[in-house]
Engineer: 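Dropping a structure here in structure tokens format, bear with me for questions.
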Amino acid sequence: MAKSPEVNENSKDEQLEQYRTDDSGKSLTTNQGLKMAEDEFSLKAGERGPTLMEDFHFREKMTHFDHERIPERVVHARGYAAHGVFEAYDSLEHLTKAKFLSEKGKKTPVFVRFSTVAGSKGSAETVRDVRGFATKFYTEEGNYDLVGNNMPVFFIQDAIKFPDFVHAVKPEPHNEMPQAASAHDTLWDFVINNQETAHMMMWLMSDRAIPRSFRMMDGFGVHAFRFVNAEGKSHFVKFNWKSTLGTHSLVWDEAQKIAGKDPDFNRRDLYDSIEQGDFPEWELGVQIVPEDDEYKFDFDLLDATKLWPQEEIPIQIIGKMTLNRNVDNVFAETEQVAFHPGHVVPGIDFSNDPLLQGRLFSYTDTQLLRLNGPNFHELPINRPVCPFHNNQRDGVGRQTINKGRVSYQKSSFTNSTPAPVSEAEGGYSHYQEKVDGRKVRARSESFNDHFSQATMFWNSMTSPEKEHIIEAFSFELGKCQESWIREGAVEMFTNVNLEMAQAVAKNIGVAPPASGGSNVTKASPALSLENTVKSPATRKVGVLIDNGFNEEEVLNVLKELQAKGVQYEVVSEMQGELKGTGGKGITADHTFNTTDPVLYDAIYAVGGPDVSRKFAKEAARYIGEAFDHYKPIGATHDGQQWLEAAYIENQPGVVAATAGSEFASSFVEAITAHRHWNRQID
Ligand code: HDD
């Protein structure tokens, strides 16, 4: 048997190194390597004369610039990526022959791109949307792409509807509005006319659609895939990424404000964390269903609008992914990476999910346009770390120089052409599922229940989460101009829950339904964000400080925050050095102007004895806004006056004290809780 090439966690980095170049301090040349003596002035006939055609340097520079842009992705255009490593916890050989899962401790390089779906490449990141979560594993057997989202279900059941769905959610074509938003008539018209969207719309209206950070969301492969082991035995499998920091969200008002204050909020968070060495981590979990159990559930395993409740089909954790390196060049890596659910390795195969089946066509097709031809696999970021050989030739931008005369099968020239290898030698062969049926354009009966799991999702939410869903529906439908769309949506979502539909109806001027509703009582507690991991690590506190602050105490508190992994930025009226009571300094990173309360997880108000009116006003604004967004607020000494002024000193998550160390631990506890929903806001 041919020996597999050695792949370790550095294999991709080492491969990319061949393509990296550092231009700094080098002589400027044309693309032909010609050193140039001048780069600021075009060649002219006289100093005030016309530019000459002869100016090859001008022409080359301008032509390259004119061609710098490529088509953005038709969906998931706005994205950000990083490199990392996946480590298998144990051998999974009993389930799959995939080599990257075959050995305890085995490390495989990965590249992960996170994205929003609807917005264009330059759109804001904290919009209400699904987030893409696409992972490329560079394995010794070729690239394996797990192209998932941060929600475990999808809008539609059959890929043929994907162009319709995307046309409906994108900005409306007659006026190209609204950007990166689902709150408009065409999306909701699509929803009420395609009721299979019900479950996914519940997720989209939930807090999951406004993640606090790419690092604080889970990922899902969505479809049922297959694991196939060396004996040829197949199991259905669903993939789940679980963030070790838990799943946490913004609140809607905050998300909208961040979109203006820092449209790069999510990418900045990812980039900074990696630069600071706070490497984001996810555990990979699988849900396994033996073939014989295919029909055992009250939903169809092949239906992508259904999740597999963890309580029924438990998640087995099989490995961990760590993102530990930012890209060197966003275009070369993040923009040119080409994912495809059909990039599989032996041991991973497909189910007949009609959404997945259609995806298997669409992804290569879209790269042909986006990356301008069939050689995109040669781009450094897309190259497998194992060798690849076949008889495909030529095409735009071809880089490989294939030697020899023979580029066809079969040939009698000795040892001339790459030959297929047997399964035993690692050759991919498709799982031999027996299929029997008539050719029909139809939906399986078993795909027809569009509401039970939508109700299960609702039943699994806590009261604040339900409140947020009602508010999200009210916002989105409230933006729809056609009253029949609002009415249609209320009617449709009455099937999920009557009280929910009534509450939404009242908010959007629709007659609340008097009856109807669902009798589904099932819940899946794992779906509530209240049950997620909670950690203070990498949370960011805005510290409001003025000169004369209580030095000993503040510096101690900050030290304790840091010890728990909490980060902070100092905010004041002016940038630069501020002096404490004992003369020690602290540097203000920001003024009230250059940052904003929505950009912090918590506020720590310290102030000083002689704050100006402007400082006091801004501090009150920071605290008020943090309070309205349910964020932890801490205040010591002079800072406490603002809590009193706002009558919030005894509210949940508001920590005020004069005694230093006790304060720090209570404040960290409040930060760990993420948000304090049981506050009296009005
Ligand atoms: Fe898709 C991109 C995830 C259904 C067609 N999709 C794309 C990306 C992600 C997903 C994460 C961005 C990849 C990147 O960062 O480059 N898509 C999903 C999930 C789906 C799904 C989880 C349902 C379970 N997609 C889906 C369908 C079709 C497509 C049904 C068409 C039949 N998706 C595409 C695409 C994109 C894409 C048009 C745009 C850019 C690209 O592929 O490379 O082909």
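Remember, it's 1-based here, ligands and their atoms both numbered in the order they're listed. Hydrogens, waters and symmetry mates are skipped; everything else that's a heavy atom, side chains included, is used. FYI, the numbering just counts along the sequence from 1.
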Engineer: With a 3.5 Å cut-off and no angle check, do the side chains of Asn194 and Lys161 form a donor-acceptor pair?
Structural biologist: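 On atom types as modelled, these side chains qualify, holding a pair under 3.5 Å.
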Engineer: Between Lys136 and Phe339, is NZ or CZ placed under 6.0 angstrom from the six-membered ring centre and within 45° of the ring axis?
Structural biologist: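 The answer is yes; both the distance and angle limits are met.
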Engineer: Is any side-chain heavy atom of Ile258 closer than 4.5 Å to a side-chain heavy atom of Leu250?
Structural biologist: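 When only atoms from C-beta onward are counted, Leu250 and Ile258 do touch, with a gap below 4.5 Å.
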Engineer: Looking only at side-chain N and O atoms, does Ser524 offer a donor or acceptor that is under 3.5 Å from a partner on Gln310?
Structural biologist: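 No, no side-chain donor-acceptor pair sits under 3.5 Å.
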Engineer: Could you list the atoms of ligand 1 found under 4.0 angstrom from a heavy atom of Ala159?
Structural biologist: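 Ligand 1 atoms under the 4.0 Å threshold to Ala159: 32 (C).
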Engineer: Taking backbone and side chain together, does Ser362 place any N/O/S atom at a distance below 2.8 Å from atom 1 (Fe) of ligand 1?
Structural biologist: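 Of the N, O and S atoms in Ser362, none lies under 2.8 Å from atom 1 (Fe) of ligand 1, which means no.
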Engineer: Atom OG of Ser362 and atom CD of Gln357: how far apart are they, to the nearest 0.5 Å?
Structural biologist: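 That separation rounds to 13.5 Å.
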Engineer: Under 4.0 Å from a heavy atom of Arg73: which atoms of ligand 1 are those, numbered in the order shown and with their elements?
Structural biologist: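 Every atom of ligand 1 under 4.0 Å from some heavy atom of Arg73: 14 (C), 16 (O), 40 (C).
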Engineer: I'd like to know if the side chain of Trp203 pairs up with that of His199 as donor and acceptor (distance under 3.5 Å, no hydrogens or angles considered).
Structural biologist: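 Yes, side-chain donor-acceptor contact under 3.5 Å.
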Engineer: Out of all atoms in ligand 1, which are within 4.0 Å of some heavy atom of Phe339? Include the element for each.
Structural biologist: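 So the answer, numbered in order with elements, is 13 (C), 14 (C), 15 (O), 16 (O).
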Engineer: Just going by heavy-atom distances, which of Phe114, Phe162, Tyr80 is nearest to atom 28 (C) of ligand 1?
Structural biologist: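 That would be Phe162.
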Engineer: What protein heavy atom sits nearest atom 11 (C) of ligand 1, and how far off is it?
Structural biologist: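 In this structure, atom 11 (C) of ligand 1 has Gly148 O, 3.2 Å as its nearest protein heavy atom.
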Engineer: In the protein, what heavy atom is nearest to atom 10 (C) of ligand 1, and what distance, to one decimal place, separates them?
Structural biologist: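 Here the closest protein heavy atom is His76 NE2, 3.3 Å.
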Engineer: Tell me which part of Asn149 gets within contact of ligand 1: side chain, backbone, both or neither, using heavy atoms under 4.0 Å.
Structural biologist: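 Both of them.
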Engineer: Would you say that more than 12 heavy atoms from the other residues, nucleotides or ligands in this model lie under 6.0 Å from the CZ of Phe279, or not?
Structural biologist: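 Atom CZ in Phe279 is crowded, with more than 12 foreign heavy atoms closer than 6.0 Å.
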Engineer: Let's go through Phe227 and Val286 carefully: what are the C-alpha distance in whole Å and the side-chain angles of both, what is the deciding distance for side chain to side chain contact (heavy atoms under 4.5 Å, CB included) to 0.1 Å, and is it a yes or a no?
Structural biologist: CA-CA 10 Å; Phe227 269 160; Val286 289; 4.1 Å; yes
Engineer: Among all the protein's non-hydrogen atoms, which is closest to atom 41 (C) of ligand 1, and how far away is it?
Structural biologist: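 Atom 41 (C) of ligand 1 sits closest to the protein heavy atom Thr366 CG2, 3.4 Å.
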Engineer: So does Arg215 pair up with Glu281, basic N to acidic O under 4.0 Å?
Structural biologist: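 So Arg215 does not pair with Glu281 through a salt bridge.
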Engineer: Is there a polar contact between ligand 1 and Arg113, counting only N or O atoms under 3.5 Å apart?
Structural biologist: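 Indeed, backbone or side chain, Arg113 has an N or O that close.
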Engineer: Only heavy atoms count here, so choose which of Arg78, Arg370, Gln367 is nearest to atom 43 (O) of ligand 1.
Structural biologist: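 Heavy atom nearest to atom 43 (O) of ligand 1 belongs to Gln367.
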Engineer: Contact between Ala304 and ligand 1, counting heavy atoms under 4.0 Å?
Structural biologist: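 False for this residue.
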Engineer: Does His340 have a heavy atom less than 4.0 Å from any atom of ligand 1?
Structural biologist: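 The answer is no: ligand 1 sits nowhere under 4.0 Å from a heavy atom of His340.
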Engineer: With a 4.0 Å cut-off on N to O distance, would you call Arg226 and Glu433 a salt bridge?
Structural biologist: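 Looking at Glu433 together with Arg226, the answer is yes, because their closest N to O distance falls below 4.0 Å.
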Engineer: Starting from atom 23 (C) of ligand 1, locate the nearest protein heavy atom and write down its residue, its atom name and how far away it is, to 0.1 Å.
Structural biologist: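 Checked against all protein heavy atoms, atom 23 (C) of ligand 1 sits closest to Phe154 CD1, 3.4 Å.
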Engineer: Does a salt bridge link Lys170 with Glu176, judged by any charged N lying under 4.0 Å from a carboxylate O?
Structural biologist: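 The answer is no: the pair does not qualify as a salt bridge.
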Engineer: Any atom of ligand 1 sitting under 4.0 Å from a heavy atom of Phe133?
Structural biologist: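 Flag set, Phe133 near ligand 1.
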Engineer: Which of the listed options, Arg359, Met200, Lys136, holds the heavy atom that is closest to atom 18 (C) of ligand 1?
Structural biologist: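 Looking at heavy atoms only, Arg359 sits closest to atom 18 (C) of ligand 1.
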Engineer: Nearest protein heavy atom to atom 38 (C) of ligand 1, by residue and atom, and its distance?
Structural biologist: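 Going by distance alone, atom 38 (C) of ligand 1 is nearest to Val74 CG1, 3.3 Å.
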Engineer: State plainly whether the residues Lys296 and Glu312 are in salt-bridge range, i.e. N to O under 4.0 Å.
Structural biologist: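 No, this pair does not count.
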Engineer: Leu355 heavy atoms, cut-off 4.0 Å: which ligand 1 atoms fall inside?
Structural biologist: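 Counting from 1, the qualifying ligand atoms are 23 (C), 24 (C), 30 (C).
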Engineer: With only distance considered, is Tyr363 within less than 3.5 Å of ligand 1 through an N or O on each side?
Structural biologist: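 Right, the criterion is met.
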Engineer: Quick one: look at Val222 and ligand 1, take heavy-atom pairs under 4.0 Å, and tell me if it's side chain, backbone, both or neither.
Structural biologist: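 Near ligand 1, Val222 shows its side chain, while the N, CA, C and O stay back.
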